[in-house]
Amino acid sequence: QVQLVESGGGLVQAGGSLRLSCAASGRTFRNYLMGWFRQAPGLEREFVAAITWNSGNTRYAESVKGRFTISRDNAKNTVYLQMNSLKPEDTAVYYCAADPDGSSWWDYRFWGQGTQVTVSS
């Protein structure tokens with residue numbers, strides 16, 4: 001089992017930056033595909049970014065390409081989401097996700113509780 005705890009959310013003005021962190025428990029973290037998703041009020045949860053176990057491959061939603069960067073530190077059991085040039089439409093609860101299989105960029109077995117990101121205009 002893997003437990004995921006997100007942190008780093010908050011209120012920021014448009015154009016600002018935030019870095020989200022996701023701390024994972026479990027000895028096999030380094031083997032997991034890790035992802036970030038978000039859910040805005042009234043909308044379905046959507047994919048944001050993902051990174052393979054060895055950081056060799058990443059994938060981003062078109063809406064965040066060039067602004068967000070996903071990274072991981074397997075020694076610290078932590079995955080990060082650096083968010084720059086934030087826009088009001090980035091406002092959402094951001095969730096960290098982990099999957100041991102890693103066969104799909106969009107399907108994850110384990111989920112965190114989420115952290116709120118609010119971008120004011």
Side-chain angles (χ1 to χ4, degrees):
Q1 296 292 322
V2 172
Q3 291 186 332
L4 306 172
V5 179
E6 303 96 335
S7 62
L11 174 64
V12 63
Q13 288 188 335
S17 298
L18 282 175
R19 188 173 85 153
L20 305 183
S21 298
C22 173
S25 64
R27 294 174 293 176
T28 57
F29 168 82
R30 64 180 65 248
N31 299 326
Y32 282 52
L33 175 70
M34 300 298 297
W36 286 97
F37 287 72
R38 67 187 181 186
Q39 187 169 18
L43 299 179
E44 293 187 353
R45 186 166 58 192
E46 65 174 358
F47 172 82
V48 175
I51 187 167
T52 54
W53 70 275
N54 61 352
S55 302
N57 285 299
T58 57
R59 191 177 184 106
Y60 296 92
E62 286 297 325
S63 59
V64 306
K65 275 184 181 178
R67 299 188 299 122
F68 291 11
T69 302
I70 188 171
S71 62
R72 66 191 293 166
D73 185 339
N74 287 340
K76 296 182 178 179
N77 279 14
T78 302
V79 63
Y80 305 98
L81 185 68
Q82 178 66 44
M83 306 186 295
N84 299 329
S85 302
L86 282 161
K87 305 175 181 179
E89 51 263 44
D90 294 318
T91 295
V93 177
Y94 283 71
Y95 297 90
C96 176
D99 191 78
D101 182 47
S103 60
S104 168
W105 289 110
W106 300 278
D107 295 327
Y108 295 79
R109 186 180 303 180
F110 304 108
W111 293 84
Q113 293 300 306
T115 185
Q116 176 70 47
V117 172
T118 303
V119 184
S120 63
S121 57

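Distance CH2/Trp111 to CD/Glu6: 10.0 Å, rounded to 0.5 Å. The structure places CZ of Arg72 at 7.5 Å from CG of Leu33, a figure rounded to the nearest 0.5 Å.
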Pair Trp36, Met83 - check side-chain contact (heavy atoms from CB on, under 4.5 Å), show working. CA-CA 12 Å; Trp36 286 97; Met83 306 186 295; over 6 Å; no
side-chain contact (heavy atoms from CB on, under 4.5 Å), that's the test. Do Val2 and Arg109 meet it? Break it down for me. CA-CA 9 Å; Val2 172; Arg109 186 180 303 180; over 6 Å; no
When you look at Ile51 and Tyr32, which way does the side-chain contact (heavy atoms from CB on, under 4.5 Å) test go after all the steps? CA-CA 9 Å; Ile51 187 167; Tyr32 282 52; over 6 Å; no
Could you go through Thr69 and Tyr80, starting from their C-alpha distance and side-chain angles, then the distance that decides it, and tell me whether this counts as side-chain contact (heavy atoms from CB on, under 4.5 Å)? CA-CA 8 Å; Thr69 302; Tyr80 305 98; over 6 Å; no
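Taking both residues in full, the closest heavy atoms of Tyr108 and Gly35 are given as CE2-N, 3.7 Å, listed atom of the first, atom of the second, then distance. Ser121 and Ala14 make their closest contact through CA-CB, 4.4 Å (heavy atoms, listed as atom of the first residue, atom of the second, distance). Contact detail for Met34 and Leu4: the closest heavy-atom pair is CE-CD2, 4.1 Å. Among all heavy-atom pairs drawn from Leu86 and Leu18, the shortest one is CD1-N, 3.9 Å.
With a 4.5 Å cut-off between side-chain heavy atoms of Ile, Leu, Val, Met, Phe, Trp and Tyr, the cluster of Leu43 takes in none.
Counting non-hydrogen atoms of neighbouring residues, nucleotides and ligands closer than 6.0 angstrom, the CD atom of Gln113 reaches no more than 12 such neighbours. The 12-atom threshold is exceeded at CH2 of Trp105, counting heavy atoms of other residues, nucleotides or ligands nearer than 6.0 Å. In this structure, Gln39 places its CD atom where more than 12 heavy-atom neighbours from other residues, nucleotides or ligands lie under 6.0 Å away.
For residues 63-102, the set of pairs meeting the disulfide bond (SG atoms under 2.5 Å apart) definition, not counting sequence neighbours, comprises Cys22-Cys96. Every pair passing side chain to side chain donor-acceptor pair (under 3.5 Å) that includes a residue from residues 88-102 is listed here, sequence neighbours excluded: Arg38-Asp90, Arg38-Tyr94, Arg67-Asp90, Asp101-Ser103.
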